[in-house]
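Because the structure is predicted, anything quoted here is derived from the model rather than measured. Below, read A as the first sequence line, B as the second, and so on, with proteins coming before strands; counting in each chain starts at 1. Heavy-atom basis, side chains included; hydrogens, waters and symmetry copies ignored.
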2 protein chains.
Amino acid sequence: MTHENTDYVDILRTHGYRVTMPRMIVLDAVCAHEGHAAIADIQRLVYDMDPTIDRSTIYRALDVLVEVGLVVESDLGHPGKVYSIAGEANHHHLVCLQCGKVLSIRRDVIMGLKAQIHEAYGFDLQADHLTLNGLCRDCQSKKPPHSL
Amino acid sequence: MTHENTDYVDILRTHGYRVTMPRMIVLDAVCAHEGHAAIADIQRLVYDMDPTIDRSTIYRALDVLVEVGLVVESDLGHPGKVYSIAGEANHHHLVCLQCGKVLSIRRDVIMGLKAQIHEAYGFDLQADHLTLNGLCRDCQSKKPPHSL
DNA sequence: CAGCTTATTGCAAAAAGTCGCAATATCAGC
DNA sequence: GCTGATATTGCGACTTTTTGCAATAAGCTG
Ligand SMILES: [Mn+2]
Ligand SMILES: [Mn+2]
Ligand SMILES: [Zn+2]
Ligand SMILES: [Zn+2]
């Protein structure tokens, strides 16, 4: 359930990154928050563990953690992105462009697409805690007068 | 090929928004740029048409245009989002989390997913110029030493 | 088309995010 | 366990994006 399960040290090194205190603390913070951690949440948790870590370092650490695949970044429509430990989410999100509502959907809805994309393009879709946009049921019906 | 085809006046009013000069000019700018218009591009084009329009107004106009469905917003991994006229893109994008490469894929790959999601959740997926993340072919093979 | 209501704008200030650089810490090699 | 090469950090300056508010303009009513 936590990143302790994965060998994040090896993963970072394999990708050519060094294992540093700030990176570990940022990873701990994302882990401690348990899903949808906004930058402000992460900054607060990091600050509790080590108040000397700079804002810019947190941003850079998150970039690295996302790049090596330990952390997943999502844009849920609210200003700012949110972060989660990779592999822990068992769902994806649908975000309504009109009202901003966020729905959760079953993880396996994406599996077909993932297979299809891998076959056609050789691209390995990151199918962990995806975000897709569109119109929720309410907002669809709220818009009958015109049809575009 | 341009937004002239759609009745953007009605669309805005239907959604309860007023039709204003800044909004029209921002829409024109997105249209003029033809795909992947960054904020800087839009600002430049808007400034040419009317130098008195404020930066903040451009951001707010884009939010509205996205919300009513006239414009599509994408995060291609580079800093900052890009904008396009809705309905004009005939492709989606795959963005590699590791190297940042951006691939284009056939529009219809998503159709199955769109139908599936609509059936299961009543959600109307915005299947116009989507962005999905993952690992490109090169970056997959570049990472054999460890397996998570 | 003049008057009225209220959404929208421009401005200024704040907040969020990015970047270059000198100082520091990681870690491979001995 | 040291040493050296170099990736990473903290800091400050900068850029980008967001926000509150008073002035303005859209569009409904008659
Ligand atoms: Mn979630
Ligand atoms: Mn495109
Ligand atoms: Zn909605
Ligand atoms: Zn790649």
Identify the heavy atoms of [X] and [Y] that sit nearest to each other, and give their distance.
X	Y	answer
Ala127(B)	Ile110(B)	CB-CG2, 4.2 Å
Ala89(B)	Asp128(B)	O-OD1, 4.1 Å
Asn133(A)	Leu125(B)	O-CD1, 3.4 Å

Quiz item: Residues two or more places apart in sequence or in another chain: which of them pass ring pair (Phe, Tyr, Trp, His ring centres under 6.0 Å) with His33(B)?
Solution: none
Exercise. Tell me, please, which residues at least two apart from His36(A) pass ring pair (Phe, Tyr, Trp, His ring centres under 6.0 Å).
Key: His93(A), His129(A)
Distance check needed: [N] [atom2] versus [X] [atom1], whole Å only.
X	N	atom1	atom2	result
Gln43(A)	dG10(D)	CD	P	13 Å
His78(A)	dT17(D)	NE2	C1'	17 Å
Met21(A)	dG10(D)	CE	P	11 Å
Ile39(B)	dT17(D)	CD1	C1'	9 Å
Ile25(A)	dT8(D)	CD1	P	16 Å
Met24(B)	dA25(D)	CE	P	17 Å

Enumerate the protein-to-nucleotides 27-30 of chain D contacts in which both atoms are nitrogen or oxygen and the separation is below 3.5 Å.
{"from": "dG27(D)", "atom 1": "OP1", "to": "Arg13(B)", "atom 2": "NE", "distance (Å)": "3.2"}
{"from": "dG27(D)", "atom 1": "OP1", "to": "Arg13(B)", "atom 2": "NH2", "distance (Å)": "3.4"}
{"from": "dG27(D)", "atom 1": "OP1", "to": "Val19(B)", "atom 2": "N", "distance (Å)": "2.8"}
{"from": "dG27(D)", "atom 1": "OP2", "to": "Arg13(B)", "atom 2": "NH2", "distance (Å)": "3.2"}

Got [X] and [Y] here, is their nearest side-chain heavy-atom distance under 4.5 Å?
X	Y	answer
Ile53(A)	Tyr47(A)	no
Glu67(A)	Asp63(A)	no
Ile39(A)	Lys81(A)	no
Leu27(A)	Ile85(A)	yes
Val26(B)	Arg23(B)	no

Exercise. Using five base pairs at each end, measure the axis-to-axis angle across the helix from dC1(C)-dG30(D) to dC30(C)-dG1(D) and round it to 10 degrees.
Key: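 Taking the rotation axis at each end, their angle is 50°.
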Quiz item: Less than 4.0 Å between a side-chain N and a carboxylate O, is that true for Arg13(A) and Asp10(A)?
Solution: no
Practice problem: Determine whether Leu97(B) and Val82(B) fall in the same hydrophobic cluster, where Ile, Leu, Val, Met, Phe, Trp and Tyr are linked whenever their side-chain heavy atoms lie under 4.5 Å apart. | Solution: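 Shared cluster, no.
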Self-check item: chain B footprint on DNA chain C, 5' to 3' - any atom under 4.0 Å from a heavy atom
Solution: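 Counting from the 5' end, contacts occupy dT6(C) to dC11(C).
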Quiz item: Does any donor atom in the side chain of Arg137(A) or Ser141(A) lie under 3.5 Å from an acceptor atom in the other side chain?
Solution: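 No, no side-chain donor-acceptor pair sits under 3.5 Å.
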Quiz item: Listed in order of residue number, which residues of residues 52-60 of chain A have a non-hydrogen atom at under 4.0 Å from DNA chain C?
Solution: Arg55(A), Ser56(A), Tyr59(A), Arg60(A)
